[in-house]
Amino acid sequence: MVKKMNFEKQFKNYDYNAITQKKVAEKLLTFIDNSEKYDTILELGCGTGVFTKTLCENLKFNHLDLNDIFNTQEFFKDIAYRNFFIENMELLELKKYSLIVSSSAFQWVDDLETLIQKISKNTSQLIFSIYSKGNLIEILNHFGVSLNYKSTNEIYKILKKYYTFVKFQEDEFILEFPTPLKALKHLKETGVTGFSSSSYSLTKSFKSTLLTYKVSYFSCKN
Ligand SMILES: C[S@@+](CC[C@H](N)C(=O)[O-])C[C@H]1O[C@@H](n2cnc3c(N)ncnc32)[C@H](O)[C@@H]1O
């Protein structure tokens, strides 16, 4: 398994290339009850704010705290947030929140169960999207690299240990590119570059113009 995050270098191109992440963010919002006013919200792995912007436009809340492992605050000039925690979410000390959210970030976590357990002690409502087993299968098949994606069922089983009500949904997006190289460039610009050190011949022999994204959405309540 290769795990190489390259967001920091690519944040400037991220929003343009984050077609899937935008679709995921919009769908994730539909899992949140927007008739409620939330006192405090925490978003983990906020990146450049693809999901944060959707959230701010559609939800009523008093305080919003943001987190990312990189300092991405320059992308949040138009957003009225309270705290920005630059920290690995797995090590972040949490306060109590009315709602904790995360979009397209939990697949990077080393120990999802420990993170969920910590979150469950600090909020009765967790809503997130995560890339799941089968994500970017074309890359795994050709380069033999992948994050350690969990299946929806594996994630569901973890969540049920800490939350009474767990709802989920799965989605698949297949993006088509004019050439295989453009598909690889797209991945590079969205930060996943586990295969960047691959040999030139391996890159050249990549023949797929398709990239398959598998996403799971979860809504958890106690
Ligand atoms: C695919 S991006 C998604 C960003 C944003 N939530 C969106 O919907 O576009 C994943 C983000 O998670 C962040 N990230 C990855 N691992 C992290 C960790 N352990 N703690 C905090 N942030 C993390 C990355 O820096 C990146 O900004």
Side-chain angles (χ1 to χ4, degrees), residues 1-3 5 18 20-36 38 40-47 50-52 54-55 58-59 67-69 88-92 94 96-141 145-175 190-192 194 211-222:
M1 289 300 157
V2 172
K3 177 171 167 175
M5 232 186 320
T20 309
Q21 287 81 353
K22 279 182 194 159
K23 284 190 193 160
V24 170
E26 270 164 34
K27 180 135 181 198
L28 183 61
L29 190 80
T30 66
F31 288 81
I32 307 179
D33 178 5
N34 63 3
S35 65
E36 209 176 303
Y38 298 89
T40 50
I41 301 180
L42 170 67
E43 183 185 353
L44 297 167
C46 63
V50 170
F51 181 63
T52 326
T54 320
L55 185 121
N58 293 284
L59 286 193
N67 152 262
D68 203 274
I69 200 163
N88 179 347
M89 65 173 94
E90 298 188 81
L91 306 176
L92 184 67
L94 294 185
K96 301 276 182 217
Y97 288 94
S98 325
L99 171 68
I100 294 184
V101 293
S102 181
S103 194
S104 303
F106 280 4
Q107 69 281 354
W108 286 102
V109 157
D110 283 326
D111 184 348
L112 185 65
E113 174 151 2
T114 304
L115 176 69
I116 299 292
Q117 186 179 28
K118 174 172 75 173
I119 290 174
S120 71
K121 287 184 187 145
N122 292 287
T123 187
S124 60
Q125 255 197 95
L126 165 67
I127 293 172
F128 67 96
S129 61
I130 182 170
Y131 294 97
S132 44
K133 208 170 203 95
N135 192 50
L136 299 176
I137 190 78
E138 298 82 3
I139 299 300
L140 175 64
N141 288 345
V145 295
S146 169
L147 290 182
N148 192 11
Y149 298 113
K150 288 187 164 42
S151 69
T152 305
N153 193 36
E154 283 172 298
I155 303 165
Y156 177 77
K157 280 191 186 153
I158 294 176
L159 293 168
K160 278 300 281 181
K161 289 194 204 171
Y162 305 98
Y163 283 96
T164 312
F165 304 101
V166 179
K167 282 196 285 185
F168 68 87
Q169 210 175 306
E170 288 176 315
D171 241 352
E172 184 180 278
F173 301 98
I174 300 180
L175 300 192
T190 46
V192 187
L211 289 177
T212 305
Y213 283 94
K214 293 252 192 195
V215 193
S216 307
Y217 306 83
F218 290 93
S219 163
C220 316
K221 278 189 192 173
N222 272 333

Determine whether S151 and N153 satisfy the following criterion, side chain to side chain donor-acceptor pair (under 3.5 Å), listing intermediate values before the conclusion.
CA-CA 5 Å; S151 69; N153 193 36; 5.5 Å; no
Worked verdict on F128 versus I130 for side chain to side chain contact (heavy atoms under 4.5 Å, CB included):
CA-CA 7 Å; F128 67 96; I130 182 170; 3.8 Å; yes
Yes or no on side chain to side chain contact (heavy atoms under 4.5 Å, CB included) for T164 and K221, after CA distance, side-chain angles and deciding distance?
CA-CA 6 Å; T164 312; K221 278 189 192 173; over 6 Å; no
Can you check side chain to side chain contact (heavy atoms under 4.5 Å, CB included) on L99 and L126, steps first, answer last?
CA-CA 6 Å; L99 171 68; L126 165 67; over 6 Å; no
Audit row: V24, D171, side chain to side chain contact (heavy atoms under 4.5 Å, CB included) steps and yes/no
CA-CA 9 Å; V24 170; D171 241 352; over 6 Å; no
Quick one: do S104 and Q21 satisfy side chain to side chain donor-acceptor pair (under 3.5 Å)? Show the steps, please.
CA-CA 7 Å; S104 303; Q21 287 81 353; 5.4 Å; no
Given side chain to side chain donor-acceptor pair (under 3.5 Å), test S120 with Q117 step by step and report yes or no.
CA-CA 5 Å; S120 71; Q117 186 179 28; over 6 Å; no
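Proximity of T114 to E90: side-chain heavy atoms (C-beta onward) are nowhere separated by under 4.5 Å. L140 is listed as a side-chain neighbour of I137, based on a closest heavy-atom distance under 4.5 Å. With contacts defined as side-chain heavy-atom distances shorter than 4.5 Å, the pair Y149/Q107 qualifies. At least one side-chain heavy atom of L94 sits under 4.5 Å from a side-chain heavy atom of I119.
Across Y213 and N135, no two heavy atoms sit closer than the pair CA-OD1, 3.1 Å. In terms of heavy atoms, Y97 sits closest to T40 at CA-OG1, 3.3 Å. Across all their heavy atoms, F106 and M89 have their closest contact at CE1-SD, 3.6 Å. Of all the heavy atoms in I32 and Y38, the pair that sits closest is CG2-OH, 3.5 Å.
The number of heavy atoms from other shown groups lying within 6.0 Å of NZ (K160) is above 12. Annotation: F173, atom CZ; neighbour count of heavy atoms from other residues, nucleotides and ligands within 6.0 Å is above 12.
Note that OG1 of T212 is 4.5 Å distant from CD1 of I174, once rounded to the nearest 0.5 Å. To the nearest 0.5 angstrom, C220 atom SG is 8.0 Å from I127 atom CD1. The line from OG1 of T20 to OH of Y131 is 5.5 Å long, rounded to the nearest 0.5 Å. In this structure, the separation between NZ on K133 and CG on L147 is 12.0 Å, given to the nearest 0.5 Å. Considering CG of N88 and CD1 of I69, their distance stands at 4.0 Å, rounded to 0.5 Å. Between I158 atom CD1 and L112 atom CG the span is 5.0 Å, to the nearest 0.5 Å.
For S102 (side chain) and G45 (main-chain N/O), no donor-acceptor pair under 3.5 Å exists by modelled atom type. Side-chain atoms of E172 do not come within 3.5 Å of backbone N or O of V215 as any donor-acceptor pair. Counting only distance, with no hydrogens or angles, the side chain of K96 and the backbone of K121 share a donor-acceptor pair below 3.5 Å. No side-chain donor-acceptor contact under 3.5 Å links E26 to the backbone of K23. Counting only distance, with no hydrogens or angles, the side chain of D68 and the backbone of G47 share a donor-acceptor pair below 3.5 Å. Side-chain N or O atoms of K118 include one that pairs as donor or acceptor with a backbone N or O of L92 at under 3.5 Å. Between the T54 side chain and the V50 main chain, a donor and an acceptor come within less than 3.5 Å of each other. A donor-acceptor pair under 3.5 Å is absent between the side-chain atoms of S129 and the main chain of S216, judged by distance alone. In terms of modelled atom types and a separation under 3.5 Å, the side chain of E43 and the main chain of I100 share no donor-acceptor contact. A donor-acceptor pair is defined here as one N or O able to donate and one able to accept, closer than 3.5 Å; no such pair exists between the side chain of K27 and the backbone of K22.
No donor-acceptor contact under 3.5 angstrom links the side chains of E170 and S132, judged on distance only.
Relative orientation of the F218 and F168 rings is tilted, given thresholds of 30° and 60° on the angle between their planes.
A salt bridge links E113 to K161: one of the charged nitrogens lies within less than 4.0 Å of a carboxylate oxygen.
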